[in-house]
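Worksheet: the structure to be examined is printed underneath.
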Amino acid sequence: MQVTVPFQDLTLPAEVEREIQKSVEHVLHSRYYILGPEVELFEKEFAAYLGVRRVVAVASGTDAISLALLASGVVRPGAEVIVPALTSPFTAVAVLRAGAQPVFADVNRDTWTLDPASAAACVTDRTVALLPVHLYGNPADWDGLALLAANRGLVLVEDACQAHGAFFRGVRVGGLGTAAAFSFYPTKNLGAAGDGGAIATNDEPLAARCLHLRNGAQIRRYVHDQPVFHSRLDEVQAALLRVKLRCLDSWNEQRNRLCRRYREKLPHCLFPQLAPGAVPAAHLAVICLAQRDPLRAHLSQRGVETLIHYPVPLHRMPAFASCPAAPCPDAEKICEQLLSLPLHLSLSDELQDIVVRSIREFVPGK
Ligand SMILES: Cc1ncc(COP(=O)(O)O)c(C=O)c1O
């Protein structure tokens, strides 16, 4: 009988499951459901974990990006924010919703993250910020981007929605830029049982502006000083995230080990390279292969589930047709060839070996 290797499996260790149930029950009995003590504790604990001064919890990663940009005070009509062409579409959606214009730059062909040279070519007198993405859990090439931001006076907001716990030169991502955005979408390395997100920053006034904005800019009950959306994390999600946060480093280590194992056993496949100084928190295991679609069909026949993150570069996406873009040949080529392999905490070495064997069958002689 053929074994199926699922792309994703969100099963938790039984003792973690029990702890979550206890803490969720506690919240239900407390009758305190939105922005209460659990959210406050989670914000403090996640800030300590990241090594930043402040964390502000919100309703999603998309909201976290929008609010980080709004709170950084640089968004004005026509303001441009440089975004890599290879990322989740929600990175660009968040920029548009903040009232700014995304401008797409190419990714580096080795790291697959925002290329400092392509970003530099996109800078105009309307550019206010860079929004690099720590894609698949791999920190972006921060040295080049920080230099560009410093030289051109730009704000740096990190899209850390896929990289909870990764490091760049000994600093956790989330503490590198002016502000950073995290997502707690259920499949993330630190995932909620629903939507959730957070802004991390070392800038206290920026954090205070995020706190104000996330509650719809209320100055006192039902009196608002700006017409903004609200974005709040609920107590159930915060209680659950507090339990999972305590496991995050060990879970990241398991995911990093599986990713290293893919790299070792598939030397003929192209993987994104790590920027110098980057330590990943592997979120997705992605390879690049010229015959991606036939390989995917072959893996499916062998019971191996795969996904594509992401099939269309953002500058080719109908939703962003009116946004300016640099030439993005590397993002285009990578999007045509990339394939995400199963990576989760229930992936045993035996199941992973089925994936590896199936790929090797497809590329004979390797
Ligand atoms: C890189 C990236 N940016 C932004 C987002 C948006 O996060 P959310 O789905 O929590 O709004 C995601 C997750 O989907 C993501 O992976």
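Each ligand, and each atom within it, is numbered from 1 in the order the structure gives.
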Out of the candidates Asp115, Asp141, Asp330, only one should pair with Arg109 under the salt bridge (charged side-chain N to carboxylate O under 4.0 Å, His left out) rule; please name it. Asp330
Mark the output for Lys188 as yes if a heavy-atom distance to ligand 1 is under 4.0 Å, and as no if none is. yes
Would Ser183 count as a polar contact of ligand 1, with the cut-off being nitrogen or oxygen pairs under 3.5 Å? yes
Contact check: Gln162 vs ligand 1, nitrogen or oxygen atoms, below 3.5 angstrom: yes
Could you tell me, atom by atom, which parts of ligand 1 come under 4.0 Å of a heavy atom of Phe90? 6 (C)
Ligand 1 to Gly61 polar contact by distance, N or O atoms, under 3.5 Å: yes
Over 12 foreign heavy atoms within 6.0 Å of NE2, His230: no
Under a 4.0 Å heavy-atom limit, does Leu135 contact ligand 1 with its side chain, its backbone, both, or neither? neither
Give me the nearest non-hydrogen protein atom to atom 11 (O) of ligand 1 as residue plus atom name, then the distance to 0.1 Å. Thr62 OG1, 2.5 Å
Nearest non-hydrogen protein atom to atom 3 (N) of ligand 1, with distance, is Asp159 OD2, 2.8 Å
If you count every heavy atom of other residues, nucleotides or ligands that lies below 6.0 Å from Tyr185 atom OH, does the total exceed 12? no
Under 6.0 Å from the ring centre and within 45 degrees of the ring axis: does the NZ or CZ of Arg97 meet both conditions for the six-membered ring of Phe229? yes
